[in-house]
Amino acid sequence: QAILNQSAGTRCGKGAHAPKDAWDFMIEAVIIRRAETEWNAAGLYLGRTDVPVGQTGMEELQKAVVHPEVRRVFASPMLQPANGESAIPNAELVLLNGLREMDFGDFEGLAGEEIANSPSLRSACEQWKKGGREASCPNGESVAKLAERVLRPLTARDEAREGERVYVATHGCVIMALMSLFAGSIEEFLSFRVLNLHGYAATVDQTTWKRHRRFLAYAAYSALDEGV
């Protein structure tokens with residue numbers, strides 16, 4: 001895959017390379033969505049509720065590719081390491097409350113069909129999706145607020161180690177918020193939606209992050225694809 005230059009950033013496909021002068025200090029962060037839960041399978045909005053991984057999620061966890069070079073995993077406390085989520089042999093596991101899923105407010109536990117069949121909820125959902133980063137669902141959390149609380153614990157950690165590969169095991173909206181803010185892309189929040197056990201491998205270098213507050217490069221990632 002070739003490097004695709006966009007209006008504000010670079011997306012690197014597998015095997016692509018960034019400019020040499022950018023690699024003064026580099027880490028790779030694999031940002032991945034947790035395994036499928038029972039509510040995911042039912043198509044329900046799942047934010048603050050603690051729901052176990054479902055049968056499909058458990059089966060996919062058994063197939064997930066393990067990378068022994070990963071030494072640190074930053075994970076949402078809603079994940080279940082005992083079931084294999086965020087568990088990588090010999091890696092330090094750091095649970096961060098900031099990586100919890102978005103608070104969906106009044107939409108929590110509802111199916112899209114239920115929202116569509118309620119005029120008031122449908123109107124609120126449409127306003128939320130069109131309202132940009134500052135909008136939120138009723139009594140819920142905005143993308144801007146979500147990104148703020150996600151970044152706070154990540155940036156407060158000790159300095160990254162050069163050449164390190166870390167995992168960030170979290171939830172769908174957390175990933176979309178991070179990517180929409182720091183991918184350096186013209187794409188919007190909903191464009192970064194990913195399946196369970198999928199996400200992005202983001203390259204972060206010191207110069208680009210300090211100057212532009214964005215990733216140097218990123219590519220789609222799947223924990224189920226041995227070729228990634």
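Since the model is a prediction, treat every value here as computed from it, not as a measurement. These values consider heavy atoms only, across backbone and side chains, with no hydrogens, waters or symmetry-generated copies.
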Can you check whether T203 reaches F215 side chain to side chain, under 4.5 Å on heavy atoms?
no

Whether the side chain of E108 engages the backbone of G47 through a donor-acceptor N/O pair (distance < 3.5 Å, no angle test) should be reported.
yes

Please examine the side chains of I88 and L93, heavy atoms only from C-beta on, and report whether any two atoms are closer than 4.5 Å.
no

Within-4.5 Å side-chain heavy-atom neighbours: L110 and L44:
no

Consider only side-chain heavy atoms of I, L, V, M, F, W and Y, link residues closer than 4.5 Å, and tell whether L197 and M78 are in one cluster.
no

Of all heavy-atom pairs between R133 and S142, which one has the smallest distance, and what is that distance?
O-CB, 3.4 Å

Regarding T56 and E60, do their side chains bring together a donor and an acceptor under 3.5 Å, going by distance alone?
no

Are any of the side-chain heavy atoms of L224 and V65 separated by less than 4.5 Å?
no

A35 and V53: which non-hydrogen atoms are nearest, and at how many Å?
CB-CG1, 4.1 Å

Charged N to carboxylate O below 4.0 Å: is that the case for E141 and R149?
yes

Are the charged groups of K130 and E126 less than 4.0 angstrom apart, N to O?
no

Considering only heavy atoms from C-beta outward, does the side chain of I32 approach that of V168 to under 4.5 Å?
no

Residue pair E114, L121: steps toward the side chain to side chain contact (heavy atoms under 4.5 Å, CB included) verdict
CA-CA 9 Å; E114 292 179 88; L121 290 177; over 6 Å; no

Nearest heavy-atom approach of E101 to G172 is OE2-N, 3.4 Å

So how far is it from R152 CZ to L96 CG, rounded to the nearest 0.5 Å?
12.0 Å

With S76 as reference, evaluate R34, R100, H171 under the side chain to side chain donor-acceptor pair (under 3.5 Å) test and give the passing residue.
H171

Side chains of T208 and R214: closer than 4.5 Å at any heavy-atom pair?
yes

Just by distance, do the side chain of R33 and the backbone of V194 share a donor-acceptor pair under 3.5 Å?
yes

Give the C-alpha distance, both sets of side-chain angles, the deciding distance and a yes or no for side chain to side chain contact (heavy atoms under 4.5 Å, CB included) between H198 and Y221.
CA-CA 6 Å; H198 290 66; Y221 180 89; over 6 Å; no

Closest heavy-atom contact between V150 and G98?
CG2-O, 3.2 Å

Heavy-atom neighbours of N90 CG exceed 12 at 6.0 Å
no

Rounded to the nearest 0.5 Å, how far apart are CD of Q206 and NZ of K210?
4.0 Å

Rounded at 0.5 Å granularity, tell me how far CE in M58 sits from CD in Q55.
7.5 Å

Within this structure, what is the CD1-OG distance for the pair I115 and S123, rounded to the nearest 0.5 Å?
12.0 Å

Single-linkage hydrophobic cluster L79~I175, side-chain heavy atoms < 4.5 angstrom
no

Using every non-hydrogen atom in the two residues, find where C173 and F104 come nearest and quote the distance to one decimal.
SG-CZ, 3.6 Å

Y45 and F107 aromatic ring geometry - parallel, tilted or perpendicular at 30°/60° bounds
tilted

Could you measure the distance from the CZ atom of F192 to the CG atom of L181? Nearest 0.5 Å is fine.
9.5 Å

In the structure I gave you, are the side-chain heavy atoms of T170 and I31 within less than 4.5 Å of one another anywhere?
yes

Shortest non-hydrogen contact from L46 to N40?
CD2-ND2, 4.1 Å

Sub-3.5 Å donor-acceptor pair from the side chain of S180 to the main-chain atoms of A177, do we have one?
yes

Distance, nearest 0.5 Å, that separates CE of M176 from OH of Y200
9.5 Å

Over 60° means perpendicular and under 30° means parallel, so classify the ring planes of W209 and F182, tilted if in between.
tilted

With a 4.5 Å cut-off on side-chain heavy atoms, are K145 and S136 touching?
no

Kindly say whether M102 contributes a backbone atom to a donor-acceptor pair with the side chain of R48 at under 3.5 angstrom?
no

